[in-house]
Amino acid sequence: MEEQLVECDVLCIGGGIAGMMAAIRAAEKGASVVVAEKGNARYSGCGRSGNDHFETYIPEIHGSDKEDFIDELLYTAKGEILIGRDILRAQFAKAQDVVELWDEWGIPMQPSGSWEFAGHAFPGRTLTHIKYEGRLQKTVLVRQARKAGAKIMNRIMAMELLRSGDRVIGALGVHTREDKIVVFKAKAVILGTGKCSRLYQGLTPGTMFNDGHGGVQTGDGRAMAYRAGAELMNVEMPQRHIGPKYFAKFGQATWVGVLRDAEGNAVGPFVSEPDRRYGDIIMEVNKLSPEQYGALGKGPVYMDCTGMSDEDAAYMKHWHIHEGNIGLVDHMEAEGVDPQKHPIEFSTYPLRGGGLIVANEKAETSLRGLYAAGDEAMGDISAAATFGWISGDSAADFVGTVEEGNVEQCRATIDSLKATIDQLRGREYGPDWEEANLALQQVMTDYAGTVRNEAVLLQGLSHLKRLKEKANTEMMARNQHELGRCLEVNNLLDVGELVFQTALDRKETRGLHNRPDYPFTNPLLNRAHVVHRDGDEAVMGWRKY
Amino acid sequence: MPPIIDPKLCIACDRCVNICTEDVFYGSTKNEIPEVTYPRECVHFNGCVDACPVPGAIWLRVPMSSMVVYRESPEYAKPQGDPHTRSLPD
């Protein structure tokens, strides 16, 4: 297999919102920048097909006390992302600058001519998200990154970080179309590989790509950061979403309707009629309500937009398209589903998880020269854009302070990846990636799912280890595309194992980490549950956010 | 959620092949009508449809397992009478 050496100051792994913003900022500051993207940066990441809401703090609108604004977000959109308040302060010191940059670059952030705030809010309280037309945001950001001088390498899946002492000096990538690996020599590396899909069974078990975040965000950054010794946190804490049943698409604040039960009663107390400014915040207060209603024999639960005006219907469709839900809009139109006439069933979506890479308000991780941003570290589009920018800023400053590393010192890591690739490509029979991935999803859902106890977690962990061994020795890839999928499964297996280990260590019930053997939430554990690798051991602890 | 290509309209420009992050057209021959080699990996984000310069040359078919569930009538059937007996036959 061919081995290509690519040298740069800053390597951005993942070309989503965070990665592109990091690339733009670092390049603007004079660094030579390469983006390694495993798909096509023009259409990759959670923001690939759009977004319609962006949280931002504007002192003239929200008042000078940023803390109130942060409180409001913790009640709603930020509630499920467990991060420190310092991080939020750093985000909202910068978010509005980013909004204005996006507007300048050609993403319409105030299409009506002024800031329009709506969604993700309780009626009568502070509005935190502006509506913006994000359908072409990735096109704009890719164009801007190229203009700033960043080089984008598509179809390169980064798989391992290269480390020298306490510093990250580069990374290894695998081409997903050609028989080639790329050795990146970089003074700083920024991880922006997004969420962790395909770890748990999806909305349609067996159809792994029916996922609102896309199907290829497989925890690659978390896995490679952990393997390199960086600290992760709250890996065991699951998240869930809510949306149209069977068609996994998000945009809970884009719907102009009321969540109602089968008899027409509103599920939540916040709205009683469709309201374009507020939507129905009950979906963020309790994403489990469709599932709970089902269990109580009170289901189904519907998103009821009936009774809304034609203007509101046109407004909602417009924003669904910008939110990236054009596939859903097309589908409903093709099937004759009219939100003005038909209540649409909503469901609680399956578990997702994988935690976050620990990063501070400068986007620095626990390893020198390694930064993280986006869903990898802070979640949501405003945070991705803002911390993407901050990480690019920090990384560009860092490269001026260090000498370039010697990647030849990492020859053992390079040869090990090559051997793994040769084995996966060389086998003539064995489980393919899909079979291995389904086996993993099954054990995650059954043993690290909605209810956990020590015996179940231990059983699941031992089974997962057997699966991992089986995948290591028998999994096969028929071509480079399937090789990429196999490597994704390897990352998911690593993250899955960590979920079990950290779930065993969190001896309490909190949020969706439900442990009947430890039924109470322990206030002494209002802290970040951190884990890093030392040799083959997962070393865990608790730290103040 | 597989893309469907109309071979009569497709001009084999490869834009769909290039844009797809999931690479469902993997292995397609350059400047020939693309093959949908990994249809199960389509995530229905419309990248290929957006990239296509010929209206109607490519579209996405939503699989049966992803069809949205909805209620025909907007009228909610309010329960009548005693909820413990209302479903019993006369």
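To find a chain, count down the sequence lines: A is the first, B the second, and so on, and within it residues start at 1. Scope of the values below: all heavy atoms of this structure, side chains included, with no hydrogens, waters or symmetry mates.
When heavy atoms are compared at a cutoff of 4.5 Å, A/R135 approaches chain B solely by way of its side chain, counted from C-beta outward. Of the atoms belonging to A/R48, it is side-chain heavy atoms, and not backbone ones, that fall under 4.5 Å from chain B.
The closest side-chain donor-acceptor pair between A/H322 and A/D52, if any, does not fall under 3.5 angstrom. Side-chain contact check for A/E37 and A/S44: at least one donor-acceptor pair (N or O, by modelled atom type) lies under 3.5 Å. Side-chain contact check for A/D310 and A/Q340: at least one donor-acceptor pair (N or O, by modelled atom type) lies under 3.5 Å. Side chain to side chain, A/N491 and A/T218 fail the donor-acceptor criterion of an N or O pair below 3.5 Å.
With respect to chain B, the highest number of heavy-atom pairs below 4.5 Å among A/G327, A/S347, A/G45 belongs to A/G327. Taking chain A as the reference chain and counting heavy-atom pairs below 4.5 Å, the highest number among B/V49, B/V68, B/T37 is found for B/V68. With chain B as partner, the option from A/H331, A/H213, A/R42, A/E345 having the largest number of non-hydrogen pairs under 4.5 angstrom is A/H331. Counting heavy-atom pairs closer than 4.5 Å to chain B, the top residue among A/K245, A/Q480, A/M208, A/H481 is A/H481. Counting heavy-atom pairs under 4.5 Å between each of A/R485, A/E482, A/M332 and chain B puts A/R485 at the top. Each of A/R155, A/K249, A/K38 has some count of heavy-atom pairs under 4.5 Å with chain B, and the biggest count is that of A/R155.
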Practice item. Apply the test side chain to side chain donor-acceptor pair (under 3.5 Å) to residues A/D220 and A/T193: give CA-CA distance (whole Å), side-chain angles for both, the deciding distance (0.1 Å), then the verdict. Key: CA-CA 6 Å; A/D220 301 348; A/T193 67; 5.7 Å; no

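Aromatic ring centres of A/F247 and B/H44 lie closer together than 6.0 Å.
By the salt bridge (Lys or Arg N to Asp or Glu O under 4.0 Å) test, A/D330 is found to be paired with no residue, residues two or more places apart in sequence or in another chain being considered.
Remark: A/K341 fails to qualify as a cation-pi partner of B/Y70 under the 6.0 Å distance and 45° angle criteria applied to the six-membered ring.
Contacts from residues 18-28 of chain B to chain A, taken as heavy-atom pairs separated by less than 4.5 Å, involve B/N18, B/I19, B/C20, B/T21, B/E22, B/D23, B/Y26 in sequence order.
Atom CG of residue A/L424 and atom CG of residue A/L483 lie 6.0 Å apart, to the nearest 0.5 angstrom.
Between A/D261 and A/K298 no salt bridge is recorded (no basic side-chain N to carboxylate O distance below 4.0 Å).
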